[in-house]
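For reference, the structure is listed below as structure tokens.
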Amino acid sequence: MKTPQAVTTFNDRYPLIGPSFWIVSLQYFLIQLIAALAWARPYSLSRNTISDLGNTACAQYGSRFVCSPLHLLMNVSFVLLGCTMIAGSSLIYQEFREGKAAIVGFAFMTIAGLGTILVGLFPENTIGPLHLSGAALVFLIGNLGIIILGISLDIPKPLRLYTILSGIVALSATILFFIHQNLGLGSGGIERFAAYPQTIWLIIFGLYMGRRHLQKSG
């Protein structure tokens with residue numbers, strides 16, 4: 001995959017920008033907390049899905065009631081997360097251009113970023129197929145991408161094992177979520193096992209890359 005020279009030059013000049021984009025994924029957890037606390041009825045981590053926080057209407061969905069006053073803030077968070085996933089992947093990839101598998105891994109993370117944007121632009125109660133398609137890109141393609149990166153990148157063994165394990169746990173939870181087997185965790189609980197390892201990995205890998213660059217410059 002040939003990278004535009006401008007991207008390569010920018011990354012060479014500002015190597016901390018790419019990792020910073022992934023570290024900014026912290027906002028995703030902060031905004032979820034803020035949006036959940038705004039609910040008049042208590043938001044349930046086990047019953048309510050993450051997408052419920054971005055739902056733009058108040059309604060009963062099966063056994064769960066959804067009414068998210070800060071749905072706009074949550075949907076902006078989804079879009080922001082997707083944008084930072086794409087930007088970070090494009091720049092961090094410059095550090096690992098030697099293997100085809102790495103190209104696939106970072107491309108999958110970029111696709112997952114696009115899926116996250118779709119989730120934010122099309123909340124679960126609007127255009128359902130687009131929302132579900134976006135979520136599938138995140139959970140399936142994104143988590144598979146993490147496993148590929150764990151196998152292919154030249155990184156320390158502990159980080160490699162953590163990366164592969166994160167992808168396996170999240171991908172396994174994704175399968176359980178889609179076949180409606182929640183292991184007693186509730187739909188919201190099993191979804192978090194499918195989603196959170198990926199975002200936590202982005203933050204940790206961003207911190208690793210940032211620290212590596214700071215050590216080089218020091």
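Here the structure is a predicted model, which means the values were calculated and not measured.
Smallest separation of non-hydrogen atoms from G206 and P19: O-CB, 3.2 Å. Contact detail for T174 and N143: the closest heavy-atom pair is OG1-ND2, 3.5 Å. Looking at every heavy atom in both residues, P156 comes nearest to Y208 through CD-OH, 3.3 Å. Between L153 and A102, the closest heavy-atom pair is CD2-CB, 3.8 Å. The two atoms that bring S166 and P197 nearest to each other are O-CB, 3.8 Å, heavy atoms only. Contact detail for V79 and I117: the closest heavy-atom pair is O-CG1, 3.8 Å.
Within the 4.5 Å cutoff, the side chain of Y28 has heavy atoms near those of the I50 side chain. Between L159 and F205 the shortest side-chain heavy-atom distance falls below 4.5 Å. Looking at heavy atoms from C-beta onward, V119 lies in side-chain contact with S51 at the 4.5 angstrom threshold. Side-chain atoms of V66 and N125, non-hydrogen and from C-beta on, never get closer than 4.5 Å to each other. In this structure the side chain of T163 never reaches within 4.5 angstrom of the side chain of I204, judged on heavy atoms. Contact annotation: the side chain of M109 never approaches that of I92 to less than 4.5 Å [non-hydrogen atoms, C-beta and beyond].
Under 3.5 Å, the side chains of Y61 and D52 contain no donor-acceptor pair of N or O atoms.
A 6.0 Å sphere centred on CZ of F193 holds no more than 12 heavy atoms belonging to other residues, nucleotides or ligands.
Classification of the Y93-F106 ring pair by plane angle, with boundaries at 30° and 60°, yields perpendicular. Relative ring orientation between F177 and F139 is described as perpendicular, the plane-to-plane angle rising above 60° on a 0-90° scale split at 30° and 60°.
Grouping the Ile, Leu, Val, Met, Phe, Trp and Tyr side chains by contacts below 4.5 angstrom, directly or via other members, places L45 apart from L183. Two different hydrophobic clusters hold L149 and V104 under the rule that ILVMFWY side chains link at heavy-atom gaps under 4.5 Å. L185 is connected to L176 through a chain of hydrophobic side-chain contacts under 4.5 Å among Ile, Leu, Val, Met, Phe, Trp and Tyr, so both are in one cluster. Taking hydrophobic clusters as Ile, Leu, Val, Met, Phe, Trp and Tyr residues chained together by side-chain heavy-atom distances below 4.5 Å, V76 does not share a cluster with M85. Transitive grouping of hydrophobic side chains (ILVMFWY, heavy atoms separated by less than 4.5 Å) brings Y162 and I23 into a common cluster.
A search for salt bridge (charged side-chain N to carboxylate O under 4.0 Å, His left out) contacts involving R47 returns nothing, not counting sequence neighbours. Remark: I17 engages F10, Y14, F21, L91 in a side chain to side chain contact (heavy atoms under 4.5 Å, CB included) (not counting sequence neighbours). For I141, the side chain to side chain contact (heavy atoms under 4.5 Å, CB included) partners at least two apart in sequence or on another chain are F108, I111, L137. Residues satisfying the side chain to side chain contact (heavy atoms under 4.5 Å, CB included) criterion with S25, sequence neighbours excluded, are L81, T84, T199, L202, I203.
In this structure, CD1 on I147 lies 11.5 Å from OG on S152, to the nearest 0.5 angstrom. Here the CE atom belonging to M74 is positioned 12.5 Å from the CG atom belonging to N55, to the nearest 0.5 angstrom. The CD1 atom of I164 sits 11.0 Å away from atom CD1 of I148, with the distance rounded to the nearest 0.5 Å. Residue I127 holds its CD1 atom at 11.0 Å from OG of S133, rounded to the nearest 0.5 Å. Atom OG1 of T126 sits about 8.0 Å away from atom NE2 of H131, to the nearest 0.5 Å. Note that CZ of R160 and NZ of K157 are 9.5 Å apart. Values are rounded to the nearest 0.5 Å.
No donor-acceptor pair under 3.5 Å is formed between the side chain of Q198 and the backbone N or O of A170.
Considering I175, N182, T49 in turn, N182 is the only one that fulfils the side-chain contact (heavy atoms from CB on, under 4.5 Å) rule with I190.
Every pair tested for disulfide (SG to SG under 2.5 Å) that includes a residue from residues 22-51 fails, sequence neighbours excluded, so the list is empty.
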Side-chain atoms of residues 29-42: list all donor-acceptor pairs with protein atoms under 3.5 Å, sequence neighbours left out, distances to 0.1 Å.
residue: Q32; atom: OE1; partner: Y196; partner atom: OH; Å: 2.6
residue: W39; atom: NE1; partner: S68; partner atom: OG; Å: 3.3

